[in-house]
Amino acid sequence: VTTSFAAGQALPATHGSVEAMMALALPTGHPNVDTILRNPTTNPLPSWHPPLDQYVARRAPVDLTVRPNISVGHYHPDADAMFAANTAISAQHPSVQTMLASVLPQNH
């Protein structure tokens, strides 16, 4: 992460909010972390800032090749596009948490 940020590589738009994850640990007045990570060239870290890698919890990626068999019809909306557009799923939609529970990390 530290190297990617220094190279000007922005956090993907589909990445969850780092600001929300770090909110309790950030000092008062800290600039918005998502803004910084999504615009590294316009928001360089000060020289005294600890390396970003210290804040990353590394764990094995979720292997979605072993996901439960979930089939949807051709009419189903593009879930990736909906997520990227910050569009909520319908309240009538089956629970995605339940469908993916067997492959999600504990406490996800």
Side-chain angles (χ1 to χ4, degrees):
V1 176
T2 301
T3 306
S4 299
F5 184 85
Q9 203 170 15
L11 187 71
T14 55
H15 192 283
S17 172
V18 178
E19 176 76 16
M21 289 187 285
M22 298 288 300
L24 294 176
L26 295 171
T28 303
H30 191 283
N32 184 286
V33 177
D34 295 326
T35 300
I36 294 169
L37 295 177
R38 286 190 168 76
N39 303 286
T41 55
T42 56
N43 298 293
L45 295 179
S47 60
W48 49 262
H49 196 281
L52 296 176
D53 287 332
Q54 290 182 359
Y55 302 102
V56 178
R58 304 253 182 228
R59 62 178 178 250
V62 175
D63 182 2
L64 292 178
T65 61
V66 296
R67 68 184 175 273
N69 184 14
I70 302 170
S71 58
V72 295
H74 66 281
Y75 56 84
H76 193 279
D78 182 332
D80 292 326
M82 288 181 67
F83 181 80
N86 201 28
T87 304
I89 60 173
S90 162
Q92 286 78 38
H93 192 280
S95 169
V96 177
Q97 181 76 24
T98 300
M99 287 188 282
L100 297 177
S102 65
V103 297
L104 291 174
Q106 220 173 22
N107 300 322
H108 185 271

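The first residue in the sequence is number 1, and the count goes up from there.
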About how many Å separate [atom2] of [Y] and [atom1] of [X], when rounded to the nearest 0.5 Å?
X: Phe83; Y: Asp78; atom1: CZ; atom2: CG; answer: 12.5 Å
X: Phe5; Y: Leu11; atom1: CZ; atom2: CG; answer: 10.0 Å
X: Gln9; Y: Thr3; atom1: CD; atom2: OG1; answer: 10.0 Å

> Can you list every pair that meets side chain to side chain donor-acceptor pair (under 3.5 Å) and has a residue in residues 15-26, with sequence neighbours left out?
Replying inline: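 Only Ser17-Asp34 qualify under side chain to side chain donor-acceptor pair (under 3.5 Å).
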>> Listing request: all side chain to side chain donor-acceptor pair (under 3.5 Å) pairs with a residue in residues 35-49, at least two apart in sequence or in separate chains.
In response: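 As it turns out, the side chain to side chain donor-acceptor pair (under 3.5 Å) pairs with a partner in residues 35-49, which skip direct neighbours, are Asn32-Thr35.
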> Where do Ser95 and Gln97 land on the side chain to side chain donor-acceptor pair (under 3.5 Å) test, with the steps shown first?
Replying inline: CA-CA 5 Å; Ser95 169; Gln97 181 76 24; over 6 Å; no
> Can you list the steps and then say if Leu52 with Leu45 is a side chain to side chain contact (heavy atoms under 4.5 Å, CB included)?
Replying inline: CA-CA 10 Å; Leu52 296 176; Leu45 295 179; 3.7 Å; yes
> side-chain contact (heavy atoms from CB on, under 4.5 Å) with Val56: which residues, sequence neighbours excluded?
Replying inline: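 Listed in chain order: Val1, Arg58.
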>> Applying side chain to side chain contact (heavy atoms under 4.5 Å, CB included) to Val96 and Ile89, what does each step give before you reach the verdict?
In response: CA-CA 10 Å; Val96 177; Ile89 60 173; 4.1 Å; yes
